[in-house]
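Everything numeric here is computed off the predicted structure, so don't read it as measured data. Just so we're on the same page: letters track the sequence lines, and every chain starts at 1.
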Amino acid sequence: MKDERDEAGFVKDIRKQSVDFPGWYQDVVRKAELADYSPVRGCMVMRPLGYGLWERIQRALDDLFKQTGVENWYFPALIPLSFLEKEQEHVEGFEPEFAMVTRGGGKELEEPLVLRPTSETMIASVLRNYIHSYRDLPVLTNQWNNVFRWELRTRLFLRTMEFLWQEGHTFHETAEEAEAQVLEKLECYRVIAEDWCAIPVFKGRKSETEKFAGAQYSMAIEGIMRDGKALQMGTSHFFGQNFSRAYDLTFTGRTNELQHPYSTSWGMSTRMVGSIVMAHGDDSGLQLPPRIAPIQLVIVPIFRSDAERAQIEAALAPVLRSLATIRVRADWRQERPGYKFNEWELKGVPLRLEIGPRDLAKGEASLVRRLDRVREPVKLGELERAVPAMLESIQTAMLTRALEFRKAHTVRLSSLEEMVRHFESSTGFVITPWCQDAACELTVKDRTTATTRVILDEPAQGSCAVCGRPATATVVWAKAY
RNA sequence: CGGGGCGUAGCGUAGCCUGGUUCAACGCGCGUGCUUUGGGAGCACGAGAUCGCGGGUUCAAAUCCCGCCGCCCCGACCA
């Protein structure tokens, strides 16, 4: 086991997670070279490691979407202001966040163009041309893009003025079909969060106050970070016919009458990268789940002379061939091994292979897990089998650890006083019965700063923890990002 | 956008209160050379700062005053 001194010896570059979580987060993101600030206020530069994580998430999610019949489109980033003004409720929610282009070609534009905060309006306007009959439905669109929101307070990955995401928009003949779509995509997000990023999530419906402006209802997945705060990691919205009406989107139904299609939208953003940092990282830095780690195995050769180096290179050649399915990086830089160990741990590479003269003499290499620094000698010939197996076990162990953390930070309570007392001294999830009255949410927020995260798909029991009236839902509360 | 804090070399800081020949310094990092290499190496030499920006006070400003910009933390709003 590692003791305090060992731990301290491993860290020099980052603040302690337990002492200053926001400071730790910022240090990790920058020192692990995930991202950095940019010359533009509120906008970040994603560096290869951070973007690599996003690419992994993107690929996995895109595959899932395509399995459900979704097709990728691309729509313009500039949206005429009038488009956004058509939908009252929606624009009220977003207006303060618009970034607008008012000049072009050296003169004032007749109509300002908004840098898309989301593309509902653009897509509805465009699809009006393609949807005429129930035979044209459903239309399942998705686009991978950047969006802009004029944020007041930004944090790398978690909230920036420009961010990358996917936004899916679908149009259906019936409400049932659209609602099934909402659930299906929420499930895709759960798979990405839990199976790929090893972050367990609560899935459920958002309260009226927490839902997306303009949606009939919103659903979300919520994960817990190492500081006990909740993070929304993906949302899926049911619009009913709201948008179709606002944008005059109609089709001729089976009985020859004009109808408005039901629509949905759903999104997951680069915020996911931040969630990986905050859900798995420790005082030594990042810990990346193997399935999405851009580098799964880093090889640190140890040698003194050119002759030793040549021997190791020769021994590694067949090993590298046998690990062709693994994302491997061999670190031959002229740095000392200890330096490399620390650097790759900071960068969260899940598995490290050390190989030097001592290992070579025994025909072995040492495998060290980032998870717990457990070191294990493995015969060179067995690496082909051992490395994938260890990566798999690390993936599982990370999800298990995260699940246990969540379990330890989730309590069921039944009164406001208990909630106030709980949130005074700790964070985490609190589950209670709730009457679904917004006044109760306000009371809790005023007294604890916690808000409702999601309403669970489980029967309501007993009375509302806040007001005592009969409960109509079981809800998860937390202090949230 | 309100409250608090901070801007000095790539990074982290000292100096500021008590203006002035230790005021431009220290550690890390960077470059070169030699020795090293199984948990962040050592020595030597070297490069690198218009002290956030703009005004003002003064014989003299990193230091005092005003304004602006940026960043961080806490709130209100949000993927």
Side-chain angles (χ1 to χ4, degrees), chain A residues 2 5-15 20-23 25-27 30-31 36-42 44 92-97 117-118 146-167 189 206 209-213 218 220-223 231-237 265-275 284-285 300-306 308-309 312 332-346 352-361 364-366 368 373 375 377 445-446 449 451 479-481:
Chain A
K2 59 200 185 212
R5 203 160 31 97
D6 277 342
E7 194 65 32
F10 285 121
V11 190
K12 276 207 230 156
D13 294 341
I14 52 181
R15 275 167 275 186
D20 178 5
F21 195 88
Y25 175 79
Q26 194 193 338
D27 287 346
R30 300 181 71 187
K31 300 267 167 62
D36 213 335
Y37 295 109
S38 74
V40 185
R41 182 186 82 80
M44 69 173 179
E92 273 168 30
F94 263 129
E95 179 35 74
E97 298 188 7
T118 176
N146 57 340
V147 286
F148 294 83
R149 297 176 188 183
W150 207 265
E151 299 293 348
L152 302 173
R153 185 180 158 194
T154 60
R155 304 185 67 183
L156 294 174
F157 288 112
L158 303 179
R159 179 165 299 104
T160 47
M161 299 218 303
E162 178 189 13
F163 62 89
L164 305 184
W165 73 347
Q166 55 68 216
E167 48 176 324
Y189 294 150
K206 283 280 174 183
T209 45
E210 295 286 330
K211 77 173 187 185
F212 183 67
S218 295
I221 54 170
E222 294 271 340
L231 184 71
Q232 179 170 303
M233 295 164 63
T235 50
S236 189
H237 314 286
S265 84
W266 21 275
M268 179 175 264
S269 73
T270 40
R271 172 181 271 191
M272 282 301 288
V273 177
S275 77
S284 296
V300 178
I302 297 156
F303 56 89
R304 292 184 185 75
S305 61
D306 286 347
E308 277 180 356
R309 176 183 167 132
I312 289 166
W332 290 99
R333 290 175 304 165
Q334 293 300 308
E335 296 287 352
R336 296 161 66 90
Y339 177 91
K340 295 177 182 177
F341 297 164
N342 283 289
E343 177 172 326
W344 292 113
E345 283 179 8
L346 169 61
R352 177 173 73 238
L353 184 147
E354 304 172 9
I355 181 164
R358 293 210 296 266
D359 305 285
L360 219 49
E364 308 178 336
S366 302
V368 183
R373 292 204 185 90
R375 186 182 306 264
K445 189 171 188 178
D446 284 345
T449 76
T451 52
K479 296 181 182 179
Y481 273 96

>> Holding to side-chain contact (heavy atoms from CB on, under 4.5 Å), I want the full list of residues that pass it with R30(A), two or more places apart in sequence or in another chain.
In response: Q26(A), D36(A), Y37(A), L156(A)
>> Among residues at least two apart in sequence or on other chains, which ones pass side-chain contact (heavy atoms from CB on, under 4.5 Å) with P22(A)?
In response: D20(A), R155(A)
>> For E335(A), give me all partners under side-chain contact (heavy atoms from CB on, under 4.5 Å), at least two apart in sequence or on another chain.
In response: R333(A), Y339(A), K340(A)
>> Run the side-chain contact (heavy atoms from CB on, under 4.5 Å) test against T235(A) and tell me which residues pass, sequence neighbours left out.
In response: A220(A), Q232(A), H237(A)
When you compare the protein's N or O atoms with those of nucleotides 5-8 of chain B, which come within less than 3.5 Å of each other, and at what distance?
none

Please list, pair by pair, any protein nitrogen or oxygen found under 3.5 Å from a nitrogen or oxygen in nucleotides 73-75 of chain B.
from   : atom 1 : to      : atom 2 : distance (Å)
C74(B) : OP2    : R153(A) : NH2    : 2.5

>> The criterion is side-chain hydrogen bond (donor to acceptor under 3.5 Å, both in side chains); which residues satisfy it with S366(A), sequence neighbours excluded?
In response: D359(A)
> Sequence neighbours excluded, which residues qualify as salt bridge (charged side-chain N to carboxylate O under 4.0 Å, His left out) partners of R159(A)?
Replying inline: E151(A)
> Can you name the residues that form a salt bridge (charged side-chain N to carboxylate O under 4.0 Å, His left out) with E162(A), not counting sequence neighbours?
Replying inline: none
> On RNA chain B, nearest-nucleotide positions of R30(A) versus M161(A): which is more 5'?
Replying inline: R30(A)
>> Applying side-chain hydrogen bond (donor to acceptor under 3.5 Å, both in side chains), can you list everything that pairs with R309(A), at least two apart in sequence or on another chain?
In response: none
Scan nucleotides 32-37 of chain B against the protein and return all N/O pairs shorter than 3.5 Å with their distances rounded to 0.1 Å.
from   : atom 1 : to      : atom 2 : distance (Å)
U36(B) : O2'    : R336(A) : NH1    : 3.4
U36(B) : O2     : R336(A) : NH1    : 3.1
U37(B) : O4'    : R336(A) : NH1    : 3.3
U37(B) : O4     : R304(A) : O      : 3.4

> Does RNA chain B take part in any stems of at least 3 consecutive Watson-Crick or G-U pairs (both distances under 3.5 Å), and if so, which ones?
Replying inline: B:1-7 with B:69-75, B:10-13 with B:25-28, B:30-35 with B:41-46, B:52-56 with B:64-68
> Rounded to the Å, how far apart are E308(A) CD and G38(B) C1'?
Replying inline: 11 Å
